[in-house]
Amino acid sequence: MPELPEVETTRRGLAPHLEGRRVHGVILRRPDLRWPIPDEIGALLPGQAIEGVRRRAKYLLLDTAIGSALLHLGMSGSLRVLPGDTPVRAHDHVDISLDNGRLLRFNDPRRFGSLLWQPAGETHELLAGLGPEPLEEAFNGDYLFQRSRGRKAPVKTFLMDQGIVVGVGNIYAAESLFMAGINPLREAGKISRERYQRLADAVKQILAYAITRGGTTLRDFINPDGAPGYFEQELLVYGREGEPCRQCGRLLRHATIGQRASVWCSHCQR
């Protein structure tokens with residue numbers, strides 16, 4: 001599933017083409033994706049100007065004066081800005097046409113993505129209760145230390161809890177814990193404030209860098225311009241079980257933590 005850098009890369013790619021444009025019409029080629037597409041998308045979105053393209057966690061929001069279209073790419077979804085006469089391919093489920101003759105097309109072979117509606121002034125239930133964004137100042141070592149007190153869950157599970165911080169999925173949690181030198185199996189409540197500051201710094205550094213590099217190349221993910229991401233070739237632990245650690249040379253270990261595959265170095269991560 002695309003993680004935060006992939007979604008942020010998509011947002012940055014789409015924003016210049018969508019912001020300030022007015023929605024001309026909406027074509028829904030099926031009534032549902034992961035969930036039913038609400039009637040408001042077809043009834044209210046046409047005629048509205050897109051005031052902004054935002055990201056919250058792994059969701060994209062197309063903001064208008066009366067509400068926001070809420071998009072999630074799921075496991076295989078992609079968004080493209082295309083000429084209005086571009087032929088329809090398999091799995092092109094949604095077109096949002098614009099006043100300049102172009103359109104935003106949502107393609108999703110597996111249909112695990114979603115297109116929902118958030119009225120102006122409200123917060124959709126999927127966004128309620130989310131933790132801070134990892135690149136914001138509110139996410140820091142003090143915050144992680146306070147939220148972790150009394151927690152017996154592994155720190156990797158804690159870090160991937162969307163109620164703690166949004167958008168840190170399996171890949172970036174593994175890489176951040178490696179950079180911070182923290183064993184992913186350590187109990188979250190037994191890690192010091194100082195080590196949590198190193199972890200928060202690592203999350204920020206790795207996510208920011210991954211965004212500049214286009215994210216990770218997941219099997220089904222393609223960037224808005226059609227190019228794959230470039231961060232995967234630089235991963236230090238994720239997906240490298242049984243290979244030598246690039247820091248110390250020892251073989252990387254592997255386990256399942258919170259139903260997710262996890263790789264770490266038992267020498268470099270304590």
Side-chain angles (χ1 to χ4, degrees), residues 1-9 34 57-58 72-78 108-113 130-131 134 144 148 151-191 195-196 198-200 202-211 213-223 228-270:
M1 180 178 293
E3 298 202 37
L4 185 150
E6 287 79 16
V7 181
E8 178 61 20
T9 299
R34 183 174 183 180
K58 299 179 186 180
H72 194 289
L73 298 176
M75 296 183 68
S76 60
S78 63
D108 187 6
R110 298 187 186 183
R111 291 193 294 108
F112 286 146
L130 292 177
L144 286 175
S148 66
R151 302 239 182 178
K152 297 184 180 297
V155 63
K156 187 182 179 193
T157 302
F158 170 71
L159 186 61
M160 292 176 61
D161 184 340
Q162 298 297 290
I164 300 299
V165 59
V166 300
V168 183
N170 197 27
I171 295 173
Y172 297 104
E175 295 296 305
S176 298
L177 287 164
F178 180 77
M179 178 178 283
I182 298 174
N183 188 314
L185 290 169
R186 284 284 304 274
E187 284 188 22
K190 292 185 177 180
I191 295 173
R195 300 192 80 197
Y196 268 128
R198 289 201 295 271
L199 180 57
V203 169
K204 291 175 184 288
Q205 181 176 336
I206 286 174
L207 288 177
Y209 182 65
I211 290 169
R213 298 287 283 161
T216 48
T217 307
L218 303 185
R219 180 175 60 185
D220 293 316
F221 182 77
I222 299 294
N223 287 338
Y230 297 102
F231 188 68
E232 183 183 30
Q233 60 189 305
E234 301 170 48
L235 296 175
L236 297 178
V237 287
Y238 179 84
R240 298 188 61 243
E241 59 268 21
E243 297 181 27
C245 173
R246 289 175 175 158
Q247 240 174 220
C248 72
R250 290 171 172 80
L251 295 184
L252 296 174
R253 299 186 63 181
H254 171 266
T256 299
I257 303 175
Q259 300 182 331
R260 306 300 298 272
S262 300
V263 181
W264 75 97
C265 177
S266 57
H267 176 75
C268 297
Q269 295 174 255
R270 303 288 183 174

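Here the structure is a predicted model, which is why all the values come from computation and not from measurement.
- Judged purely by atom type and a 3.5 angstrom limit, Arg195 uses its side chain to pair as donor or acceptor with the backbone of Gly181.
- Taking the side chain as every heavy atom from C-beta outward, Thr9 and Arg213 never approach each other to under 4.5 Å.
- Closest approach of Tyr196 and Leu144 over heavy atoms only: CD2-CB, 3.6 Å.
- The line from CZ of Arg111 to OG of Ser76 is 10.0 Å long, rounded to the nearest 0.5 Å.
- Once rounded to the nearest 0.5 Å, the distance linking CE of Met179 with CZ of Arg198 reads 12.5 Å.
- Exactly one of Asn183, Val237, Ile206 qualifies for a side-chain contact (heavy atoms from CB on, under 4.5 Å) with Phe178. That residue is Val237.
- Looking at every heavy atom in both residues, Val263 comes nearest to Gly239 through CG2-N, 4.2 Å.
- In this structure, the side chains of Glu187 and Arg151 stay at 4.5 Å or more apart for every pair of heavy atoms.
- Note: Cys245 SG to Leu251 CG = 10.0 Å, rounded to the nearest 0.5 Å.
- Gln162 contributes no side-chain N or O that, together with a main-chain N or O of Gly131, makes up a donor-acceptor pair within less than 3.5 Å.
- Looking at Arg34 and His72, their side chains never come closer than 4.5 Å, going by heavy atoms from C-beta outward.
- Remark: side-chain polar atoms of Gln247 are not paired, donor with acceptor, to backbone N or O of Cys268 under 3.5 angstrom.
- In this structure, Leu199 CG and Ile191 CD1 are separated by 7.5 Å, a value rounded to the nearest 0.5 Å.
- For the pair Glu175 (side chain) and Tyr238 (backbone), a donor-acceptor distance under 3.5 Å is present.
- A distance of 10.0 Å separates CD of Glu241 from OG of Ser262, quoted to the nearest 0.5 Å.
- To the nearest 0.5 Å, the span separating CG on Leu73 from CD on Glu3 amounts to 12.5 Å.
- At distances below 3.5 Å, not a single donor-acceptor pair connects side-chain atoms of Lys156 with backbone N or O atoms of Leu185.
- Side-chain atoms of Leu159 and Val203, non-hydrogen and from C-beta on, do get closer than 4.5 Å to each other.
- Lys204 approaches Pro134 most closely through the heavy-atom pair NZ-O, 3.1 Å.
- When every heavy atom of Gln259 is checked against every heavy atom of Thr256, the shortest pair comes out as CA-CG2, 3.6 Å.
- One N or O on the side chain of Arg246 and one on the backbone of Leu235 form a donor-acceptor pair closer than 3.5 Å.
- Using a 4.5 Å heavy-atom cutoff, the side chains of Pro244 and Leu252 are not in contact.
- Residues Asp108 and Gly77 approach most closely at OD1-N, 3.6 Å, considering heavy atoms.
- Of the possible donor and acceptor atoms, none in the side chain of Asn170 sits under 3.5 Å from a partner among the backbone N and O of Ala174.
- Looking at every heavy atom in both residues, Ala173 comes nearest to Met160 through CB-CG, 3.8 Å.
- By the 4.5 Å heavy-atom criterion applied to side chains, Gln269 and Pro184 are counted as neighbours.
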Inset, instruction - Please report the C-alpha distance between Leu4 and Ile211 in whole Å, then the side-chain angles of each, then the deciding distance to 0.1 Å, and finally whether the side-chain contact (heavy atoms from CB on, under 4.5 Å) criterion is met. - result: CA-CA 8 Å; Leu4 185 150; Ile211 290 169; 4.2 Å; yes

